[in-house]
Amino acid sequence: MRTVVSTPAAFDPISVGEVRRWLNMVAGITEENEVVRALINQVNGYIHGFTNRYISTQTVVVYLDADEIQSTIHLPCVPLVSVSSIVTTDDDGTDTTVNATNYQVRAGENPRITSTQSGSWPTDARSYDSMAITCTVG
């Protein structure tokens with residue numbers, strides 16, 4: 001399982017101006033803004049790596065290999081807001097969008113997807129990156 005950010009957060013959880021004020025930086029001198037912006041990005045990455053939580057709303061795609069596809073799929077996307085699509089890819093490279101009636105999504109702090117009683121996952125998936133789950137997180 002691997003997760004890729006497809007649409008980054010539209011805004012940072014804290015602004016450059018807020019950081020500058022907290023650090024008591026001189027107003028009007030903007031040369032350090034790129035450094036402050038880089039620090040904000042580093043801290044966001046650190047928090048995500050340490051807590052496995054997304055702070056700002058963004059879109060991620062979770063890729064699963066065929067052997068990771070189970071009746072219940074636990075997602076590493078906390079907090080999960082929604083799942084917009086699930087696409088499987090077969091050995092020929094053909095993509096199939098899974099009908100939303102085949103699965104249920106549990107959002108929030110313990111995110112998971114389960115196949116419904118009448119639903120199922122496609123069985124002709126290739127061995128690697130066989131399922132792509134597009135999620136909104138944060």
- prompt: Does one hydrophobic cluster hold both Val105 and Met1, with members joined at side-chain heavy-atom distances below 4.5 Å?
  reply: yes
field: From Thr57 atom OG1 to Phe11 atom CZ, the distance as rounded to the nearest 0.5 Å
entry: 6.0 Å
query: Are Tyr63 and Val60 connected in the hydrophobic side-chain network, where two residues link if heavy atoms are under 4.5 Å apart?
result: no
query: How many angstroms lie between CD1 in Ile73 and CD1 in Ile113, if you round to the nearest 0.5 Å?
result: 5.5 Å
message: I'd like to check Val98 versus Val87 (side-chain heavy atoms, cut-off strictly below 4.5 Å). Are they in contact?
response: no
message: Could you tell me if the side chain of Asn44 sits less than 4.5 Å from the side chain of Tyr54, heavy atoms only?
response: no
message: Evaluate Cys135 against Leu75 for side-chain contact (heavy atoms from CB on, under 4.5 Å), listing each step before the verdict.
response: CA-CA 10 Å; Cys135 309; Leu75 298 172; 4.2 Å; yes
- prompt: Is Arg37 salt-bridged to Glu34, cutoff N-O under 4.0 Å?
  reply: yes
- request: Examine distances only and state if a side-chain atom of Asp90 and a backbone atom of Asp124 form a donor-acceptor pair shorter than 3.5 Å.
  value: no
- line: Across all chains, not counting sequence neighbours, the side-chain contact (heavy atoms from CB on, under 4.5 Å) partners of Asn110 are His74, Arg112
- request: Can you measure from CD1 (Ile69) to OG (Ser130) and round to the nearest 0.5 angstrom?
  value: 3.5 Å
- prompt: Does Asn99 use its side chain to pair, donor to acceptor, with the backbone of Thr101 at less than 3.5 Å?
  reply: yes
- request: Check whether any side-chain N or O of Thr30 sits under 3.5 Å from a backbone N or O of Asn33 as a donor-acceptor pair, and report yes or no.
  value: no
query: Quick one: does Gln70's side chain have a donor or acceptor within less than 3.5 Å of a partner on Asp67's backbone?
result: yes
- prompt: Less than 4.5 Å apart, any side-chain heavy atom of Thr114 and any of Ser71?
  reply: no
message: For the backbone of Val61 and the side chain of Arg2, can you confirm whether one donor and one acceptor N or O come within less than 3.5 Å of each other?
response: no
query: Is it the case that one hydrophobic cluster holds both Trp22 and Met25, taking links as side-chain heavy atoms less than 4.5 Å apart, direct or via other members?
result: yes
message: Can you confirm whether the side chains of Asp92 and Thr94 place a donor and an acceptor under 3.5 Å from each other?
response: no
NZ/NE/NH1/NH2 to OD/OE distance under 4.0 Å, Glu109 and Arg53: yes
query: Is it true that atom CD of Gln117 has more than 12 heavy atoms of other residues, nucleotides or ligands lying nearer than 6.0 Å?
result: no
- prompt: Looking at residues at least two apart in the chain, or sitting in another chain, which of them share a side-chain contact (heavy atoms from CB on, under 4.5 Å) with Gln42?
  reply: none
- request: Answer with yes or no whether the hydrophobic clustering places Val62 together with Val5; edges join I, L, V, M, F, W, Y residues whose side-chain heavy atoms lie under 4.5 Å apart.
  value: yes
